[in-house]
Colleague: 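Pasting a structure here, questions to come.
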Amino acid sequence: MSTNSKSRSITNTETFPCVRCGLTVTATAPDGARRNHCPSCLHSQHVLDRVEGGPSECRSRMIPISIAVLRTGEWMIIHRCTRCGELTSNPICGDDNQLILMRMAVRPLAQPPFPLEAFGDL
């Protein structure tokens with residue numbers, strides 16, 4: 001058995017506590033991808049600086065504010081930092097809370113930024 005296959009067979013047990021609900025979250029999603037948000041409440045922590053690259057000194061809570069769908073069909077969670085306002089996007093994971101994801105996805109239709117009565121005048 002090669003060293004590379006040995007390292008793949010070891011279960012990743014790295015965890016982090018959710019900054020909002022306190023759930024102990026595994027850093028590896030069920031599909032093997034790296035996770036940076038809580039699968040229960042979808043909150044994250046501001047640990048990467050997207051503008052300068054590398055670690056962020058902010059360390060504040062990142063709240064999920066929206067869903068974006070890439071051309072490939074992949075869904076992304078849009079987070080906003082509660083302290084500095086920086087926006088980030090992160091892929092959803094297979095075990096993310098589907099109810100919260102759908103609520104964010106339909107929010108623009110359920111609560112449009114204009115009165116729906118305006119359609120009657122068209």
Side-chain angles (χ1 to χ4, degrees):
M1 181 183 268
S2 71
T3 308
N4 193 18
S5 61
K6 281 183 186 178
S7 63
R8 280 190 226 151
S9 66
I10 297 172
T11 304
N12 185 348
T13 57
E14 183 182 351
T15 62
F16 60 90
C18 174
V19 294
R20 180 175 178 261
C21 70
L23 181 72
T24 300
V25 178
T26 58
T28 305
D31 64 358
R34 293 286 294 169
R35 171 201 310 280
N36 73 338
H37 61 273
C38 175
S40 179
C41 69
L42 305 182
H43 283 70
S44 184
Q45 187 172 27
H46 193 176
V47 294
L48 293 176
D49 188 323
R50 299 280 185 200
V51 176
E52 296 183 19
S56 171
E57 295 179 12
C58 185
R59 309 291 292 179
S60 277
R61 185 165 43 120
M62 302 284 283
I63 60 172
I65 61 167
S66 184
I67 296 293
V69 182
L70 303 179
R71 290 180 185 170
T72 61
E74 182 180 17
W75 282 34
M76 304 291 281
I77 301 173
I78 308 300
H79 286 103
R80 180 188 305 135
C81 181
T82 57
R83 180 182 293 161
C84 69
E86 184 171 322
L87 296 173
T88 62
S89 64
N90 299 287
I92 67 163
C93 297
D95 61 342
D96 283 347
N97 186 321
Q98 294 176 358
L99 180 59
I100 295 174
L101 290 170
M102 290 308 294
R103 281 183 184 163
M104 285 192 298
V106 301
R107 186 179 303 143
L109 298 172
Q111 299 170 342
F114 50 83
L116 290 177
E117 295 81 31
F119 283 119
D121 297 336
L122 295 178

Colleague: Is the shortest side-chain heavy-atom distance between Thr24 and Pro17 below 4.5 Å?
Modeller: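 No, their side chains stay 4.5 Å or more apart.
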
Colleague: Mind checking whether Val47 and Arg59 have side chains closer than 4.5 Å, heavy atoms only?
Modeller: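 Side-chain contact under 4.5 Å: yes.
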
Colleague: Are Ile78 and Ile63 connected, step by step, through hydrophobic side chains (Ile, Leu, Val, Met, Phe, Trp, Tyr) whose heavy atoms are closer than 4.5 Å?
Modeller: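 Shared cluster, yes.
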
Colleague: Quick one: which residue pairs count as a ring-ring contact (aromatic ring centres under 6.0 Å, His included) with a foot in residues 56-112, not counting sequence neighbours?
Modeller: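 Checked against ring-ring contact (aromatic ring centres under 6.0 Å, His included) - neighbours excluded - no pair reaches residues 56-112.
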
Colleague: Is Glu14 salt-bridged to Arg34, going by a charged N under 4.0 Å from an acidic O?
Modeller: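 Looking at Arg34 together with Glu14, the answer is yes, because their closest N to O distance falls below 4.0 Å.
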
Colleague: Rounded to the nearest 0.5 Å, what separates atom NE2 in His37 from atom SG in Cys18?
Modeller: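 Rounded to the nearest 0.5 Å, the NE2-SG separation comes out at 10.5 Å.
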
Colleague: Apart from Phe16 itself, what residues make up its hydrophobic cluster, given side-chain heavy atom links below 4.5 Å?
Modeller: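 Members other than Phe16 - counting any ILVMFWY side chain reachable under 4.5 Å - are Leu23, Val25.
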
Colleague: Around Gln98, counting heavy atoms of other residues, nucleotides and ligands shown, do more than 12 lie under 6.0 Å from its CD?
Modeller: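 It does not: Gln98 CD has 12 such atoms or fewer within range.
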
Colleague: Supply the atom-to-atom distance Ile67 CD1 to Ser89 OG, rounded to the nearest 0.5 angstrom.
Modeller: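 Answer for the CD1-OG pair, Ile67 versus Ser89, is 11.0 Å.
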
Colleague: Can you give me the closest heavy-atom contact between Pro39 and Arg35, atom names plus distance?
Modeller: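 Nearest heavy atoms, Pro39 then Arg35: CB-NH1, 3.6 Å.
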
Colleague: With heavy-atom distances below 4.5 Å as the criterion, would you say the side chains of Cys21 and His43 are in contact?
Modeller: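 Cys21 does not reach His43 side chain to side chain.
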
Colleague: If Ile, Leu, Val, Met, Phe, Trp and Tyr residues are connected whenever their side-chain heavy atoms lie under 4.5 Å apart, and connections chain through other members, are Met62 and Val19 in the same group?
Modeller: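 No, no single cluster joins them.
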
Colleague: Do Ser60 and Gln45 have side-chain heavy atoms sitting under 4.5 Å apart?
Modeller: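 Side chain of Ser60 against side chain of Gln45, heavy atoms only: no contact under 4.5 Å found.
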
Colleague: Given side chains that start at C-beta, do those of Glu86 and His46 come closer than 4.5 Å, heavy atoms only?
Modeller: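 SC-SC contact between Glu86 and His46 confirmed.
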
Colleague: Side chains of Asp96 and Ile77: closer than 4.5 Å at any heavy-atom pair?
Modeller: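 Yes. Closest side-chain heavy atoms under 4.5 Å.
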
Colleague: Counting only pairs under 3.5 Å, give me each side-chain donor-acceptor contact of residues 100-115, with atom names and distances, residues two or more places apart or in other chains.
Modeller:
unit_1 : atom_1 : unit_2 : atom_2 : d
Arg107 : NH1    : Ile65  : O      : 3.2

Colleague: Does Arg20 use its side chain to pair, donor to acceptor, with the backbone of Cys41 at less than 3.5 Å?
Modeller: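 No.
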
Colleague: I need the minimum non-hydrogen distance between Asn97 and Ser40, along with the two atoms involved.
Modeller: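 Distance-wise, the nearest heavy atoms are ND2-O, 3.0 Å.
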
